[in-house]
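Any value given below was found using the heavy atoms of this structure, including those in side chains, with hydrogens, waters and symmetry copies removed.
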Amino acid sequence: MDIVSIILYLLFGAVAGWLAGKLMNGGGNGLIVNIIVGIIGSFIGGWLMSLANIQKGGLVWELIAAVVGACLLLFVVSLFKRK
């Protein structure tokens, strides 16, 4: 994996995490947390899409799957968070 691929993964994760933060919290969670949430969310979203037997291609579809997974991750985290 080259440096350009790593940078693209981080940017993609940041965008997916930021969008999920906007949808779930009404705001972002900071750059590092957005990247982490987005990357983990992309794994969760891809796994859920494979379970549902949805095999679409393209960058937009991958972003949708990552945002859905990141939203699910933020929802589960909010269940364990103290209020």
Legend entry - Cluster check V68, L79: I/L/V/M/F/W/Y, side chain < 4.5 angstrom: no
Legend entry - L74: partners by side-chain contact (heavy atoms from CB on, under 4.5 Å), with sequence neighbours left out: A20, M24, N29, V37
Inset, instruction - Report the residues that fulfil side-chain contact (heavy atoms from CB on, under 4.5 Å) with L19, sequence neighbours left out, ordered by chain and then residue number. - result: V15, L63, V67
Inset, instruction - Name all residues meeting the side-chain contact (heavy atoms from CB on, under 4.5 Å) criterion together with I36; count only those two or more places apart in sequence or in a different chain, and write none if there are none. - result: I32, I40
Legend entry - CH2 on W47 to CG on L72, rounded to 0.5 Å: 9.0 Å
Inset, instruction - Sequence neighbours left out, what passes side-chain contact (heavy atoms from CB on, under 4.5 Å) with A65? Give chain and number order. - result: M49
Inset, instruction - Indicate if V77 and L23 have the same hydrophobic cluster label, given that clusters are the connected sets of ILVMFWY residues with side-chain heavy-atom separations under 4.5 angstrom. - result: no
Inset, instruction - Quick one: closest heavy-atom pair of A16 and A66, and the distance? - result: CB-CB, 3.7 Å
Inset, instruction - Calculate, to the nearest 0.5 Å, the distance between atoms CD1 and OG belonging to I64 and S42 respectively. - result: 14.0 Å
Inset, instruction - Side-chain contact test, heavy atoms from C-beta onward, threshold under 4.5 Å: evaluate it for I7 versus I3 and give yes or no. - result: yes
Inset, instruction - Answer whether the closest heavy-atom distance between the side chains of L59 and F12 falls below 4.5 Å. - result: yes
Legend entry - For N34 against A14, the heavy-atom pair lying closest together: CB-O, 3.9 Å
Inset, instruction - Mind checking the CG-CZ spacing from L73 to F43? Nearest 0.5 Å is all I need. - result: 12.5 Å
Inset, instruction - For the pair D2 and I6, evaluate side-chain contact (heavy atoms from CB on, under 4.5 Å) and give the outcome as yes or no after the intermediate values. - result: CA-CA 7 Å; D2 59 347; I6 293 171; over 6 Å; no
